Undergrad: 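This is the structure I have questions about; it appears just below.
Please read all numbers here as calculations on a predicted model, not as lab measurements. Numbering of residues begins at 1 and proceeds along the displayed sequence.
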Amino acid sequence: MNWTLEVVIVPVSDIDRAKDFYSQKLGFVVDHDTVVGEGMRIVQLTPPGSGCSIVIGQGAVPKMVPGSVQGLQLVVPDIRKAHAELVSRGVEVTDVQVLGENPSPMPDPLDNVGFVFFADPDGNGWGVQQISTRA
């Protein structure tokens, strides 16, 4: 039996601001923006090519402190290109960093060890890792 991770809740203080950040600045697809009832709203967004979405919302999602999620990670085939795209979209992102060392030679020396980091407007922390073999 396969067990797939499909949704991660990301706690935010302002749903519209977060929706704009994730859809406009990061390019996530807005799967739906639904008002379930009074004081209950769910917005689901999916990174391009991902099988896992994030959900932001109010009332219908667990109550969590905005900005408390750290270590969410995206994977891309080219970290330099991803960095340039984030910068061009106005995301405050770190320079490309090399974390660790590959146990064996890779086609690109940044495979597995090349990262950039950024945070959403509430401070939820994200990493982006290069793994070109998944492209």
Side-chain angles (χ1 to χ4, degrees):
M1 172 185 316
N2 289 336
W3 295 50
T4 59
L5 180 63
E6 299 285 334
V7 174
V8 174
I9 306 294
V10 177
V12 300
S13 60
D14 182 320
I15 297 168
D16 290 320
R17 178 181 71 174
K19 179 183 172 186
D20 182 61
F21 176 80
Y22 285 104
S23 65
Q24 300 303 311
K25 291 207 172 200
L26 297 184
F28 287 21
V29 175
V30 178
D31 300 320
H32 61 84
D33 183 344
T34 306
V35 175
V36 181
E38 189 171 328
M40 298 175 67
R41 180 178 172 198
I42 299 172
V43 180
Q44 181 171 316
L45 304 108
T46 304
S50 179
C52 186
S53 303
I54 65 165
V55 166
I56 58 176
Q58 173 188 15
V61 296
K63 195 157 187 85
M64 299 165 62
V65 176
S68 62
V69 173
Q70 300 297 313
L72 294 166
Q73 189 164 308
L74 300 165
V75 172
V76 296
D78 185 330
I79 197 68
R80 291 179 190 98
K81 185 175 177 181
H83 179 268
E85 185 174 321
L86 290 171
V87 168
S88 75
R89 291 173 173 246
V91 176
E92 289 185 33
V93 61
T94 66
D95 290 335
V96 173
Q97 301 174 22
V98 174
L99 301 179
E101 185 174 305
N102 278 308
S104 58
M106 296 310 242
D108 183 316
L110 289 175
D111 277 348
N112 304 317
V113 297
F115 289 84
V116 295
F117 300 92
F118 66 89
D120 74 8
D122 284 292
N124 293 299
W126 290 81
V128 183
Q129 178 185 21
Q130 176 174 309
I131 303 178
S132 67
T133 56
R134 292 188 188 166

Undergrad: Going through the distances and angles, do Val113 and Leu99 end up as a side-chain contact (heavy atoms from CB on, under 4.5 Å)?
TA: CA-CA 5 Å; Val113 297; Leu99 301 179; 5.6 Å; no
Undergrad: Heavy atoms only: give me the nearest Phe21-Pro121 pair and the separation to one decimal.
TA: CG-CD, 3.5 Å
Undergrad: Has the side chain of Ser23 got a donor or acceptor atom that lies under 3.5 Å from a matching backbone atom of Val30?
TA: no
Undergrad: Please report the interatomic distance CG(Asp16) to CG(Asp33), rounded to the nearest 0.5 Å.
TA: 7.5 Å
Undergrad: Step by step, would you call Phe28 with Leu74 a side-chain contact (heavy atoms from CB on, under 4.5 Å)?
TA: CA-CA 12 Å; Phe28 287 21; Leu74 300 165; 4.3 Å; yes
Undergrad: Do you know which two heavy atoms are closest between Leu45 and Val43, and how far apart they sit?
TA: CD1-CG1, 3.7 Å
Undergrad: For Ala82 and Val76, work out which heavy atoms get closest and say how close.
TA: CB-CG2, 3.9 Å
Undergrad: Would you confirm whether Asp120, through its side chain, and Asp122, through its main-chain N or O, come within 3.5 Å as a donor-acceptor pair?
TA: yes
Undergrad: So, taking the atom named CD in Gln130 and the one named NZ in Lys81, what distance separates them when rounded to the nearest 0.5 Å?
TA: 12.0 Å
Undergrad: Out of curiosity, Arg41 CZ to Ile56 CD1, how far, rounded to the nearest 0.5 Å?
TA: 7.0 Å
Undergrad: Using modelled atom types and a 3.5 Å cut-off, is there a donor and acceptor pairing between side-chain atoms of Ser50 and backbone atoms of Thr46?
TA: no
Undergrad: Please say yes or no: joined through hydrophobic side-chain contacts below 4.5 Å, possibly via intermediate residues, are Val7 and Val75 part of one cluster?
TA: no
Undergrad: Would you compute the distance between atom OG of Ser53 and atom CG of Leu5 and round it to the nearest 0.5 angstrom?
TA: 9.5 Å
Undergrad: Just say parallel, tilted or perpendicular for the rings of Phe118 and Trp126, cut-offs at 30° and 60°.
TA: parallel
Undergrad: Tell me whether His83 contacts the main-chain N or O of Thr94 through its side chain, where contact means a donor paired with an acceptor under 3.5 Å.
TA: yes
Undergrad: Answer yes or no: is there a donor N or O on one side and an acceptor on the other, between the side chain of Gln70 and the main chain of Gly123, under 3.5 Å?
TA: yes
Undergrad: Can you tell me how far apart CZ (Arg17) and OH (Tyr22) are? Round to the nearest 0.5 Å.
TA: 10.5 Å
Undergrad: On a heavy-atom basis, which atom in Met40 and which in Ala60 lie closest, and how many Å separate them?
TA: CE-CB, 3.8 Å
Undergrad: Strictly distance-based, threshold 3.5 Å: is any side-chain N or O of Asn102 a donor or acceptor partner for the main-chain N or O of Asn112?
TA: no
Undergrad: Show the numbers, then the answer: is there a side-chain contact (heavy atoms from CB on, under 4.5 Å) between Arg89 and Leu26?
TA: CA-CA 7 Å; Arg89 291 173 173 246; Leu26 297 184; 5.8 Å; no
Undergrad: Could you give the distance from CG (Asp78) to CG (Leu110), rounded to the nearest 0.5 Å?
TA: 8.5 Å
Undergrad: Give the C-alpha distance, both sets of side-chain angles, the deciding distance and a yes or no for side-chain contact (heavy atoms from CB on, under 4.5 Å) between Arg80 and Asp108.
TA: CA-CA 11 Å; Arg80 291 179 190 98; Asp108 183 316; 3.8 Å; yes
